[in-house]
Protein chains: 2
Amino acid sequence: MNTLAEENYLKAIYHLSLNDLNVSTNQIAAALCTKAASVTDMLKKLADKELINYERYQGVTLTAVGEKIALQIIRRHRLWEYFLVEKLNFKWDEVHEMAEELEHISSVELVDRLDKFMDYPKHDPHGDPIPDRDGNFKKHELIPVASLKLNEAGIISGVRDHSPGFLQYLDKQQLIIGKKIKITDIIAYDNSMILQVETIAIHISRDVAKNLLVAI
Amino acid sequence: MNTLAEENYLKAIYHLSLNDLNVSTNQIAAALCTKAASVTDMLKKLADKELINYERYQGVTLTAVGEKIALQIIRRHRLWEYFLVEKLNFKWDEVHEMAEELEHISSVELVDRLDKFMDYPKHDPHGDPIPDRDGNFKKHELIPVASLKLNEAGIISGVRDHSPGFLQYLDKQQLIIGKKIKITDIIAYDNSMILQVETIAIHISRDVAKNLLVAI
DNA sequence: CCAAATTTTTAGACAAGTCTAAAAAAACGA
DNA sequence: TCGTTTTTTTAGACTTGTCTAAAAATTTGG
Ligand SMILES: [Mn+2]
Ligand SMILES: [Mn+2]
Ligand SMILES: [Mn+2]
Ligand SMILES: [Mn+2]
């Protein structure tokens, strides 16, 4: 239906739209590791297909149709990640690149059966919500650990940084999705924090605290 | 590593090599639904990469490296087909097109884990052998039902025609992989046959008998 | 064995997606 | 406000893979 390149553009625009209402050419180029000139070319094609709203120099938004397609691709990506972790026993830092390929497998029936096979998971291994076949999902309100106050508690529910390095670090520290944490100290000097996780105390930097998300 | 188009050419050449030692340009064009001129172009590229042995007008054979790649793709195709049937409950006539896409997912680790997850199946849903990670497989000697004589028996173990229509027909007639059959009559007029399958007698045409394979 | 039919290759073109370099528009800032 | 910087678009080129039409090589059969 759409080419692999088109799907990647739509997905990138969707993700960027979560932070900025209007997405710029340069933002897209950075997200896809391509050049602004290439992006402009593709934006014209996507606009012709009415998947995005685009006026020269004005940035873009997804149309309803474009957003629906983006959500289908994100659904596939997250379901495959869940499959790789839960069924094939990959670690959560190993699955993204494979999912980047698998998300382009086109069969709708396949992804629906995969969803059923895994009993309709609501979140991927990184805590991100999995849209249902109609593109609907509940966006849970998560906050960074960095914004918790002393003695406040939360349940680890997501990450802002999806890089393997960060995920591996969290794994090693036992900072895993679902675990309950509590802020037992905040070091004023560098804003680093000490968390109580089950019976252990863990010291994390401000950078880590900003990229680790909890539900409260 | 190799492009999608290159992988499809190598796979096609491999399959055609099973019937003819030297594979012709036109055979490849027919197999891939493309034109002879396009095939010639691609053969030059594959020869440059030393994946095929090619001299103008002489047809092609796979090099050892080319064959290894072809077998990896066939391994992926058949493992995914097995997954789709055994885990996602697709029917054997529904899986080929999806496997045509899935076979190009590049991760070696993924396919090895999938293999393990399914407990190392030896044959795909159509009875075709699944190469192991090194490309090795046992080629069982199958013969068409058409070459059986009166009162000879065999176990349904494969098909020569993989089209959905043929597979659906076999399903409906209960002519399923693993079932034991015995020739109880051969009608001289049109060479059609009557098979005993468990408690029922089934009348099949010569065409069907030629495309249904048994182990004896 | 040679003319005709068939197969294969070459030549030239096109679409998708990318790039660099340069021009145009927009945004910034003194 | 107006010159400078940044962003975006255009222009032109390249790669991959495809096509049609025509030329060249091979095969076939009388
Ligand atoms: Mn991912
Ligand atoms: Mn994820
Ligand atoms: Mn198949
Ligand atoms: Mn098969």
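Model, not experiment: these values are computed from the prediction. To find a chain, count down the sequence lines: A is the first, B the second, and so on, and within it residues start at 1.
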Practice task
May I ask you to check whether A/Ser157 and A/His140 show a side-chain donor-acceptor distance below 3.5 Å?
Solution key: no

Fill in the blank from the handout: When B/Gly59 and A/Lys45 are each assigned the nearest nucleotide of DNA chain C, the 5'-most assignment goes to B/Gly59

Problem - Selection: residues 2-10 of chain B, any non-hydrogen atom under 4.0 Å of DNA chain D - result: B/Thr3, B/Ala5, B/Tyr9

Completion exercise
Output for pair (A/Ile156 CD1, A/Leu170 CG), nearest 0.5 Å, gives 7.5 Å

Problem - Residue pairs passing the ring pair (Phe, Tyr, Trp, His ring centres under 6.0 Å) test where at least one lies in residues 61-80 of chain A, sequence neighbours excluded - result: A/His77-A/His96, A/Trp80-A/Phe83, A/Trp80-B/Trp80

Fill in the blank from the handout: Expected list for residues 21-35 of chain A near DNA chain C, using heavy atoms below 4.0 Å, is A/Thr34, A/Lys35

Practice task
Would you check, one step at a time, whether the test side chain to side chain donor-acceptor pair (under 3.5 Å) holds for B/Ser205 with B/Asp207?
Solution key: CA-CA 5 Å; B/Ser205 70; B/Asp207 271 359; 5.4 Å; no

Fill in the blank from the handout: On a heavy-atom basis, the closest approach of A/Thr34 and A/Val39 is CG2-CG2, 3.8 Å

Practice task
Identify, with sequence neighbours excluded, every residue that meets salt bridge (charged side-chain N to carboxylate O under 4.0 Å, His left out) alongside A/Arg206.
Solution key: none

Problem - First-last contacting nucleotides on DNA chain D - partner chain B, under 4.0 angstrom, heavy atom - result: D/dT16 to D/dT26

Might you list the N or O atoms of the protein lying below 3.5 Å from N or O atoms in nucleotides 12-15 of chain C, with each pair's distance?
none

Problem - side chain to side chain contact (heavy atoms under 4.5 Å, CB included) involving A/Ile69 - partner list, sequence neighbours excluded - result: A/Met1, A/Asn2, A/Leu10, A/Leu51, A/Val65, A/Ile73

Exercise for the section: Give me the residues of residues 46-57 of chain B where at least one heavy atom lies under 4.0 Å from an atom of DNA chain C, by number, or none. Expected result: B/Tyr54, B/Arg56, B/Tyr57

Practice task
Please list all pairs passing the ring pair (Phe, Tyr, Trp, His ring centres under 6.0 Å) test where one or both residues lie in residues 100-121 of chain A, with sequence neighbours left out.
Solution key: none

Exercise for the section: Not counting sequence neighbours, which residues clear salt bridge (charged side-chain N to carboxylate O under 4.0 Å, His left out) with B/Lys49? List them please. Expected result: B/Glu6

Practice task
To the nearest 0.5 angstrom, please state how far the CG atom of B/Leu84 sits from the CG atom of B/Leu102.
Solution key: 6.0 Å

Exercise for the section: Classify the side-chain pair A/Asp20/A/Gln27 by whether it contains a donor and acceptor separated by less than 3.5 Å. Expected result: yes

Practice task
Any pair with a residue in residues 93-106 of chain B that passes salt bridge (Lys or Arg N to Asp or Glu O under 4.0 Å), sequence neighbours left out, goes on the list, sorted by first then second residue, please.
Solution key: B/Lys11-B/Glu100, B/Lys11-B/Glu103

Handout entry: NE2-CZ distance between B/His123 and B/Phe137, expressed to the nearest 0.5 angstrom
Key = 10.5 Å

Exercise for the section: Compute whether any side-chain donor of one residue and acceptor of the other, for A/Asn26 and A/Ser24, lie under 3.5 angstrom apart. Expected result: no

Fill in the blank from the handout: Taken in chain and number order and not counting sequence neighbours, the residues that satisfy salt bridge (charged side-chain N to carboxylate O under 4.0 Å, His left out) with A/Asp112 are A/Arg75, A/Arg133

Practice task
Could you pick out which residue, A/Ala37 or B/Thr40, lies toward the 5' side of DNA chain C when each is mapped onto its nearest nucleotide?
Solution key: B/Thr40

